[in-house]
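First the structure, in the form of structure tokens, and then the observations on it.
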Amino acid sequence: MPIFKIATWNVNSLRVRLPHVLTWLRDVEPHVLAVQETKLPDEDFPLDAIHEAGYTAIFAGQRTYNGVAIFSREKTTEMITDIPELDDHQRRVLGATIDGIRILNLYVPNGERVGSEKYQYKLNWLNKLDAFLKEELKKYDRMIVLGDFNIAPEEIDVHDPRLWEGQVLFSEPERNAFRNMLKVGFQDCFRLHSPSEKSYTWWDYRLGAFRRNMGLRIDHILASNALAPQCVKCEIDKAPRTWERPSDHVPVIAEFSI
DNA sequence: ATGGTGGATACTCCA
């Protein structure tokens, strides 16, 4: 059976990280790469470089903040850039169907700090997302939801759960929102294959966090219950965080036997 | 000690 390899990576500026992305695509050769925080208006999207690397691209861009894109070996159809009922000018959502699989690339709001206006925006955003996922699952049996969720779901996903207790990215309401997404009908691909591994996808640029491995696992690949049994591998690739001028996030890669 | 670094933008916001 053929393998379908899909990855997510918050690149924190596609303009700065384009060389990393191109190197990584050549080395890893995924069928699909979903990226977040491109921070590019659509007219500045580096489409030629992506095409030269052998990928098609769709994108929903924004200057300075946010912005999402999907690079794919195969053609994409049924593109969407918004969640219904969520009037949001921020470009955080990009959906498409590829190889018969419904793909939803998300850049979930960060939330700033617990109790802030942005935190409320995040919780509301996740609530509306839940309703949308239910509708999508009615239409698409095989679905992958991936991206920067800005939530560390469990204690094992945090280098120091005591320090992070009640903090944004690890607060109970956010973790509940993540669990609610799973309850809708998804599974966390990384935990399917590594139930007890302490591995992270993001380290703050400050305080030498990467050197001290003070990280969180906040980037995820979820597969619908129908597709999850076909997930044969899911790994975090820490290597790009050691490269010169890295993103603060690293890629997560999942493989499906389809 | 309540910091720090990095990206984009324009003299500050966001993460």
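Naming convention: chains lettered A, B, ... in sequence-line order (proteins, then strands); numbering from 1 in each chain. The analysis underlying the following values was restricted to heavy atoms, covering all of them including side chains, and did not include hydrogens, waters or symmetry mates.
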Rounded distance in Å - [atom1] ([X]) to [atom2] ([N]):
| X | N | atom1 | atom2 | answer |
| --- | --- | --- | --- | --- |
| A:R241 | B:dT5 | CZ | P | 13 Å |
| A:N10 | B:dG7 | CG | C1' | 12 Å |
| A:N12 | B:dT9 | CG | P | 12 Å |
| A:L207 | B:dA1 | CG | P | 17 Å |

[atom1] atom, [N] versus [M]: distance in rounded Å?
| N | M | atom1 | value |
| --- | --- | --- | --- |
| B:dA1 | B:dC11 | P | 33 Å |
| B:dT9 | B:dG4 | P | 24 Å |
| B:dG6 | B:dA10 | P | 22 Å |

Residues 176-184 of chain A side chain polar contacts: donor-acceptor under 3.5 Å, at least two apart:
unit_1 : atom_1 : unit_2 : atom_2 : d
A:N176 : OD1    : A:R179 : NH1    : 3.1
A:N180 : ND2    : A:N176 : O      : 3.4

Checklist entry - Can you list, by residue number, the residues of residues 158-176 of chain A that have a non-hydrogen atom closer than 4.0 angstrom to DNA chain B? => result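 Going residue by residue through residues 158-176 of chain A, none turns out to have a heavy atom under 4.0 Å of DNA chain B.
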Next on the checklist: Could you walk me through whether A:L106 and A:D148 satisfy the side-chain contact (heavy atoms from CB on, under 4.5 Å) test, starting with their C-alpha distance in whole Å, then the side-chain angles of each, then the deciding distance to 0.1 Å, before giving a yes or no?
Outcome noted: CA-CA 6 Å; A:L106 302 177; A:D148 177 359; over 6 Å; no
Checklist entry - Looking at A:E37, A:Q36, A:R17, which one forms a side chain to side chain donor-acceptor pair (under 3.5 Å) with A:N10? => result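 When A:E37, A:Q36, A:R17 are each tested with A:N10, the side chain to side chain donor-acceptor pair (under 3.5 Å) holds only for A:E37.
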Checklist entry - If you look at every strand shown and take non-hydrogen atoms under 4.0 Å, does A:R17 touch a base, only sugar-phosphate, or nothing? => result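 A:R17: backbone/sugar contact only, no base atoms under 4.0 Å.
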Identify every side-chain donor-acceptor pair in residues 21-30 of chain A under 3.5 Å, counting partners at least two apart or on other chains, and give the distances.
unit_1 : atom_1 : unit_2 : atom_2 : d
A:T23  : OG1    : A:P19  : O      : 2.9
A:W24  : NE1    : A:D237 : OD2    : 2.8

Checklist entry - Does the distance from a Lys or Arg side-chain N to an Asp or Glu carboxylate O, for A:D160 and A:R162, drop under 4.0 Å? => result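 So A:D160 does not pair with A:R162 through a salt bridge.
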Checklist entry - Do other residues, nucleotides or ligands put more than 12 heavy atoms under 6.0 Å from A:E117 CD? => result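 Open: at most 12 neighbouring heavy atoms sit under 6.0 Å from CD of A:E117.
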Output side-chain donor-acceptor pairs under 3.5 Å for residues 125-134 of chain A, partner residues at least two apart or in another chain, one line each.
unit_1 : atom_1 : unit_2 : atom_2 : d
A:W125 : NE1    : A:D88  : OD2    : 3.1
A:K128 : NZ     : A:N124 : OD1    : 3.1

Item to check | Hydrophobic cluster (4.5 angstrom, side-chain heavy atoms) - remaining members for A:L216 | outcome: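 Its cluster partners, ordered by chain and number, are A:V114, A:Y119, A:L123, A:V158, A:L163, A:W164, A:V168, A:L169, A:F170, A:W202, A:I218.
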Next on the checklist: Tell me whether the side-chain N/O atoms of A:R245 come closer than 4.0 Å to OP1 or OP2 in B:dT5.
Outcome noted: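 Looking at the OP1 and OP2 atoms of B:dT5, neither is under 4.0 Å from any side-chain N or O of A:R245.
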Next on the checklist: Would you say A:R63 places a side-chain N or O within less than 4.0 Å of OP1 or OP2 belonging to B:dT9?
Outcome noted: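 A:R63 to B:dT9 OP1/OP2: side-chain N or O found under 4.0 Å.
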Can you check nucleotides 13-15 of chain B for protein contacts, nitrogen or oxygen pairs under 3.5 Å, and list what you find?
unit_1 : atom_1 : unit_2 : atom_2 : d
B:dC14 : OP2    : A:K118 : NZ     : 3.1
B:dC14 : O5'    : A:K118 : NZ     : 3.4
B:dA15 : O3'    : A:N110 : ND2    : 3.4

Checklist entry - Would A:E74 and A:S72 satisfy side-chain hydrogen bond (donor to acceptor under 3.5 Å, both in side chains), going step by step from the backbone distance to the final call? => result CA-CA 5 Å; A:E74 305 297 326; A:S72 173; over 6 Å; no
